[in-house]
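Contents: one structure, followed by commentary.
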Protein chains: 2
Amino acid sequence: MNDPRVPHGQGGETLLFLTDDQLRQGIEAMFFAYRGFTADPDRILADISYGRAHHRALHFINGAPGTTVNNLLRILGVTKQSLNRVLRTLIEDGLVESRVGRADKRERHLFLTEEGRALERRLSDAQRARMRDAYRTAGPEAVSGFKKVLEAMMDSELRRQYHALREGRND
Amino acid sequence: MNDPRVPHGQGGETLLFLTDDQLRQGIEAMFFAYRGFTADPDRILADISYGRAHHRALHFINGAPGTTVNNLLRILGVTKQSLNRVLRTLIEDGLVESRVGRADKRERHLFLTEEGRALERRLSDAQRARMRDAYRTAGPEAVSGFKKVLEAMMDSELRRQYHALREGRND
DNA sequence: TTGGAATGTCAACAAGGCTGACTTAATATT
DNA sequence: AATATTAAGTCAGCCTTGTTGACATTCCAA
């Protein structure tokens with residue numbers, strides 16, 4: 001901390017000396033960037049008196065149509081009571097459809113209605129626009145590093161889910 | 001979206017074609033990574049019945065000792081009423097000291113007490129440890145890209161504040 | 001001296017987390 | 001067949017942390 005020098009190259013590139021201040025900078029970058037990350041959808045949501053929780057539900061149902069409630073609350077990392085409150089309003093408002101499972105009738109499979117897809121698109125358009133601008137500003141190599149660090153920052157269970165979501169999608 | 005090809009090199013590296021799915025991946029990475037980012041301090045805070053808001057206040061007072069309340073709420077992006085509730089408990093619990101300004105006696109300058117510094121250190125040690133691991137796993141080039149993208153994701157006002165925090169610190 | 005800024009406080013409210021207890025239905029297990 | 005477990009939903013109550021609005025105090029500056 002009193003020695004901000006970074007002796008790299010010594011012992012290979014994997015061993016790098018990181019000062020507390022360098023790490024603090026990363027922490028603050030995450031804090032401020034996350035604010036920007038949520039700012040655009042938050043503005044849209046505020047107008048229609050929905051919250052971030054609704055956005056998250058719409059996002060993941062859109063990404064995995066037919067997902068079960070149990071599945072969804074594992075991804076979101078909330079209790080079923082908390083998710084249920086959000087889900088109920090989305091179903092009542094006709095944005096989400098809940099279908100009884102065919103194989104296992106205890107399960108409910110969740111789908112976006114046409115209206116739900118429209119809102120999801122509106123929200124994610126705003127969020128993607130910011131992401132696209134950031135990616136373009138930073139350049140392709142930066143994007144690759146960005147994703148590497150974010151992935152390394154996840155808990156292993158979250159990382160597993162993150163990868164599971166990719167499978168079956170064209171990326 | 002139907003054409004996941006990425007024609008890069010055409011028109012320089014700044015013009016890159018980004019599919020919706022590529023951007024969605026980045027969005028989900030931010031979501032899951034932020035969960036990891038806050039997980040360790042959250043666990044510590046839960047034990048002592050404080051919340052994330054207390055952590056944020058401690059973090060920024062630690063980084064800019066003597067900062068005013070107005071300053072702090074601009075950085076945190078919350079109302080003074082919201083900040084005040086958190087600040088009051090921190091002062092009552094002897095973690096933060098509020099000194100009346102010498103030049104302008106309306107202002108209160110905020111400092112961490114010894115106990116406050118101890119908690120801040122405990123929280124940020126946990127958060128820095130995860131950050132350090134992530135940085136080491138991803139490597140120095142990835143870290144540079146990570147910071148570039150995060151910075152590009154901030155609102156301009158947030159980016160201004162982010163840089164202002166660096167000045168006067170040895171990074 | 002008066003206007004405005006900085007701060008603090010009270011009250012009320014909402015979103016969105018949580019726990020715990022309980023029901024219903026369906027599936028699994030023994 | 002009886003029993004246990006699982007998925008989902010619901011109700012009640014609690015907490016944190018955000019919001020508005022109204023108002024008091026203090027003090028600087030024009």
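Keep in mind that the numbers below use all heavy atoms, side chains included, and drop hydrogens, waters and symmetry copies. Convention: sequence-line order gives letters A, B, ...; per-chain numbering from 1.
- Among the atoms of the strands shown, none is found under 4.0 Å from any heavy atom of A:A46.
- For B:R35 and A:D155, the salt-bridge test fails: no basic side-chain N is under 4.0 Å from an acidic carboxylate O.
- Within residues 68-93 of chain A, the residues approaching DNA chain C are A:G77, A:V78, A:T79, A:Q81, A:S82, A:R85, by heavy-atom distance under 4.0 Å.
- Atom CZ of B:R52 and atom P of C:dC18 are 11 Å apart (whole Å).
- Under a 4.0 Å N-O distance rule, the pair B:R122/B:D40 does not qualify as a salt bridge.
- Contact annotation for A:H54: backbone-only contact, meaning every heavy-atom pair under 4.0 Å involves sugar-phosphate atoms and none involves a base.
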Inset, instruction - Could you walk me through whether B:L110 and B:L87 pass the side chain to side chain contact (heavy atoms under 4.5 Å, CB included) test, one step at a time? - result: CA-CA 10 Å; B:L110 303 168; B:L87 224 39; 3.9 Å; yes
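- The base of D:dT6 lies close enough to the side chain of A:R106 for a donor and an acceptor atom to sit less than 3.5 Å apart.
- More than 12 heavy-atom neighbours from other residues, nucleotides or ligands sit within 6.0 angstrom of NZ on A:K147.
- To the nearest angstrom, C1' of C:dT27 lies 6 Å from CG of A:D104.
- Relative to the six-membered ring of A:Y162, A:R166 meets both conditions, a distance below 6.0 Å and an angle of at most 45° to the axis.
- Projected onto DNA chain C by closest heavy-atom contact, A:R56 and A:A103 fall at different nucleotides, the more 5' of which corresponds to A:R56.
- One interatomic measurement links the two molecules: NE2 of B:H55 to P of D:dT16, which rounds to 18 Å at whole-angstrom precision.
- Whole-Å rounding puts the B:Y50 OH to C:dC18 C1' distance at 20 Å.
- The residues B:R128 and A:D21 are annotated as not salt-bridged, no charged nitrogen and carboxylate oxygen being separated by less than 4.0 angstrom.
- Residue-to-nucleotide proximity on DNA chain C shows that, of A:K105 and A:A53, the 5′-proximal contact is made by A:A53.
- Using a 4.0 Å cut-off between charged nitrogen and carboxylate oxygen, B:E114 and B:R117 count as a salt-bridge pair.
- Atom CG in A:D42 sits about 13 Å away from atom P in D:dG18, given to the nearest Å.
- The shortest distance between the side-chain N/O atoms of A:R108 and the OP1/OP2 oxygens of C:dT24 is not below 4.0 Å.
- In this structure, the CG atom of B:D47 is 16 Å from the P atom of C:dC18, given to the nearest Å.
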